[in-house]
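Down below is the structure, laid out as C-alpha cells.
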Number of protein chains: 2
Amino acid sequence: MSKIKIIIVDDHLLFSQSLSYLVGSFENFEVAGIYNNGKEFITAVKGGIKLPDIVLLDVNMPIMDGIETMKWIKQNHPDQKVIALSVNNDEDTVMRMITNGAKGYLLKDTDPKNFKEALEEVYSRGFYYSEMVSGYLINKLNNDNKIVLKEREIEFIKLACTEKTYKEIADGMCLSPKTIDGYRENLFQKLEIKTRIGLVLYAIKHKIVCI
Amino acid sequence: MSKIKIIIVDDHLLFSQSLSYLVGSFENFEVAGIYNNGKEFITAVKGGIKLPDIVLLDVNMPIMDGIETMKWIKQNHPDQKVIALSVNNDEDTVMRMITNGAKGYLLKDTDPKNFKEALEEVYSRGFYYSEMVSGYLINKLNNDNKIVLKEREIEFIKLACTEKTYKEIADGMCLSPKTIDGYRENLFQKLEIKTRIGLVLYAIKHKIVCI
DNA sequence: TCTTACAAGGGGAAATAACCCCTTTTTGTA
DNA sequence: TACAAAAAGGGGTTATTTCCCCTTGTAAGA
C-alpha cells in the first residue's frame with residue numbers, strides 16, 4: 001500500500017524543510033515536493049507534476065500568497081485537498097481560505113499530534129475544522145453583514161494610506177477630486193468610520209495595505 | 001566525541017518539533033530540549049538544566065518574547081551562545097537582539113545549508129553575522145542620528161492613531177490644543193513626515209501602537 | 001549668574017478633509 | 001429595450017489640519 005503524498009508550499013525554507021522531516025516521520029505519509037511560493041507550485045502543476053493527496057499551503061508568502069494560490073487551485077483543481085498553514089488566526093484570513101476551498105486551517109503552533117490527526121482526517125473524511133474555524137463559521141452564519149469592497153475602492157484605500165492629499169489621489173486614479181469625495185463618503189459609511197485615520201487603521205487591520 | 005547540543009525556544013510547535021528533526025539530521029548536532037517560550041526556558045534554566053552549546057531563540061513569542069529572553073540570558077549567562085530566529089528582518093528588532101548579545105540572527109526562510117553553516121560558525125568562531133546583519137551594523141555606525149521620543153510624545157502619538165480630533169486629544173492629555181499643535185509640528189519635523197497619516201504609519205511601523 | 005533648552009501656550013491664515021444634497025453617465029440585467 | 005443600480009462628477013459649506021512665527025516660565029548646565 002503506497003503512502004499518502006504531501007506537497008508543502010511555504011516560503012520559509014527552514015520551516016518547509018523541517019516540516020518535511022516531520023511528515024516523513026509519520027507512517028503512511030511522504031513528502032512529494034516542496035515549493036517556495038504559490039507561483040512556483042502553480043508553474044510546477046502546469047508543467048505536469050502529479051498532484052499530491054494533500055497540499056500544505058502557507059498563507060503568508062511574498063510572491064503569491066496563500067489566498068491567491070487557493071483561488072487558482074479552486075478554479076483549476078477544485079477537488080484538490082488543501083490544508084492552510086499560518087501563524088495568524090484572524091477571522092478575515094481564515095474565512096477567505098475556507099471559502100476558497102481549503103479543507104482545513106492549522107496554526108503553526110499546533111501540536112504535531114493534532115497535525116497528524118488533521119492530515120489523516122482530511123485524507124479520509126475530506127476536511128478537518130478546528131474549534132477556531134468552526135467558531136468563525138458559526139459567527140459568519142449569524143451576522144452575515146459582510147462588507148464587500150470594490151476593486152476601485154481598494155485602490156483608493158491604498159492611496160489613502162499614504163501622505164497624498166485627496167487631490168493627488170484623484171490625479172493618481174485619473175478621477176475628479178469630487179469622485180474621490182464620493183468614494184470616501186461611501187467608505188466612511190460602509191466601514192462605520194469618521195476620518196481618514198479610521199480608514200488607515202481599517203486598511204491595516206484588514207491587510208488591505210501592508211506596512 | 002560528543003555532539004553539539006542545541007536547545008530550541010519557539011512557540012510554534014509545528015516549527016520547533018520539525019526543526020528538531022532537521023537539526024537531528026545533521027551530524028555532530030543534537031537537540032537537548034524544546035521550550036514554547038522564554039518563560040518556560042528560563043524556568044528550566046533556573047531549575048538547573050544543563051545549558052546547551054547553542055540556544056535557537058525565536059523572536060516573536062506571545063508569553064516572553066525573544067528580546068526579553070535575550071536580556072535575561074545576557075544578564076545571567078552572558079557567555080551563552082544564542083542564535084535568534086525570526087520571520088521579520090526589520091532593523092529595529094535585529095539590532096535589539098544583536099545588542100543584547102545574540103551571536104547570530106537568521107531568518108526563517110534561510111536555506112537549511114546556511115542554517116547548518118551558521119550553527120557551525122557560532123559553535124567554532126563564536127558568531128555568525130549574515131550580510132543583512134552586517135549591513136545594519138554599518139548603517140548604525142554611520143548615521144547614528146537615532147530618534148528619541150519622549151513619554152509625552154508617545155502618549156500623543158497613540159491618541160493621534162485614533163479618530164479623535166486634535167482638540168479631543170488635547171482634552172484627553174489635559175493640554176491646550178495649541179500645545180498639541182506644537183507636539184505635532186515637532187514630530188512632523190523629527191520624523192520627516194507631513195501629515196497625520198504619516199504619523200499613524202510611522203507609529204504602526206515602529207510598533208508604538210499595535211492594531 | 002547667565003545662557004541654553006524645552007515645555008507649554010498662542011494668533012492668524014491657508015490648505016485639506018468632511019459633510020450634505022444633487023445631476024449625468026454607464027452598466028447590468030430582467 | 002427599458003428600468004434600476006452603480007459609478008462618476010459637482011456646488012457649496014463647515015470643521016479640522018497644517019503651517020509659520022511668537023511669548024512665557026522653568027529647569028538644567030556652563
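Just so it is clear: chains get the letters A, B, ... in the order the sequence lines come, proteins before strands, and each one is counted from 1.
With salt bridges taken as basic N to acidic carboxylate O contacts below 4.0 Å, none links B:Lys167 and B:Asp181. By the 4.0 Å N-to-carboxylate-O rule, A:Lys190 lies close enough to A:Glu153 to be salt-bridged with it. By the 4.0 Å N-to-carboxylate-O rule, B:Asp58 lies close enough to B:Lys108 to be salt-bridged with it. Note on A:Glu155 versus A:Arg152: salt bridge recorded, some NZ/NE/NH1/NH2 to OD/OE distance being below 4.0 Å.
Taking atom CD of residue B:Glu185 and atom P of nucleotide C:dG10, one finds them 15 Å apart after rounding to whole Å. Rounded to whole Å, atom P of C:dA17 lies 11 Å from atom CD of A:Glu163. Computed from coordinates, the B:Asn186 CG to D:dC20 P distance equals 13 Å when rounded to whole Å. Per the geometry, CD belonging to B:Glu168 stands 12 Å off C1' belonging to D:dA15, to the nearest Å. Spacing between atom NZ of A:Lys167 and atom P of D:dG10 amounts to 13 Å, rounded to whole angstrom units. When rounded to the nearest whole Å, the span between OH of B:Tyr166 and C1' of C:dA17 equals 12 Å. Nucleotide D:dA15 holds its C1' atom 18 Å from the NZ atom of B:Lys164, rounded to whole Å. Look at CD1 on B:Ile169: it is 15 Å from C1' on D:dA15, rounded to the nearest Å.
Under the 4.5 Å side-chain criterion, counting only non-hydrogen atoms from C-beta, A:Val133 is in contact with A:Ser130.
Here B:Lys150 reaches the OP1 or OP2 of C:dA7: one of its side-chain N or O atoms lies under 4.0 Å away.
Residues from residues 188-201 of chain A lying near DNA chain C, meaning a heavy-atom separation below 4.0 Å, are A:Phe188, A:Lys194, A:Thr195, A:Arg196 in numerical order. Of all the residues in residues 175-182 of chain B, B:Lys178, B:Asp181 reach under 4.0 Å from DNA chain D with at least one non-hydrogen atom.
Rounding to the nearest 0.5 Å places CD1 of B:Ile42 at 7.5 Å from CG of B:Asn76. Once rounded to the nearest 0.5 Å, the distance linking CD1 of A:Ile8 with CZ of A:Phe15 reads 7.5 Å.
B:Ile67 pairs with exactly one of B:Asn100, B:Leu57, B:Thr99 by the side chain to side chain contact (heavy atoms under 4.5 Å, CB included) rule, that one being B:Asn100.
At least one donor-acceptor pair closer than 3.5 Å links the side chain of B:Tyr136 to the backbone N or O of B:Asn89.
With a 3.5 Å limit on both pairing distances and Watson-Crick or G-U wobble geometry required, the stems of 3 or more pairs in DNA chain C span C:1-30 with D:1-30.
In this structure, A:Lys103 is not positioned above the aromatic face of A:Phe127 in the sense of NZ or CZ being under 6.0 Å from the six-membered ring centre and within 45° of the axis.
Relative orientation of the B:Phe156 and B:Tyr183 rings is perpendicular, given thresholds of 30° and 60° on the angle between their planes.
Below the 3.5 angstrom threshold, one finds a donor paired with an acceptor across the side chain of A:Arg184 and the base of C:dA18.
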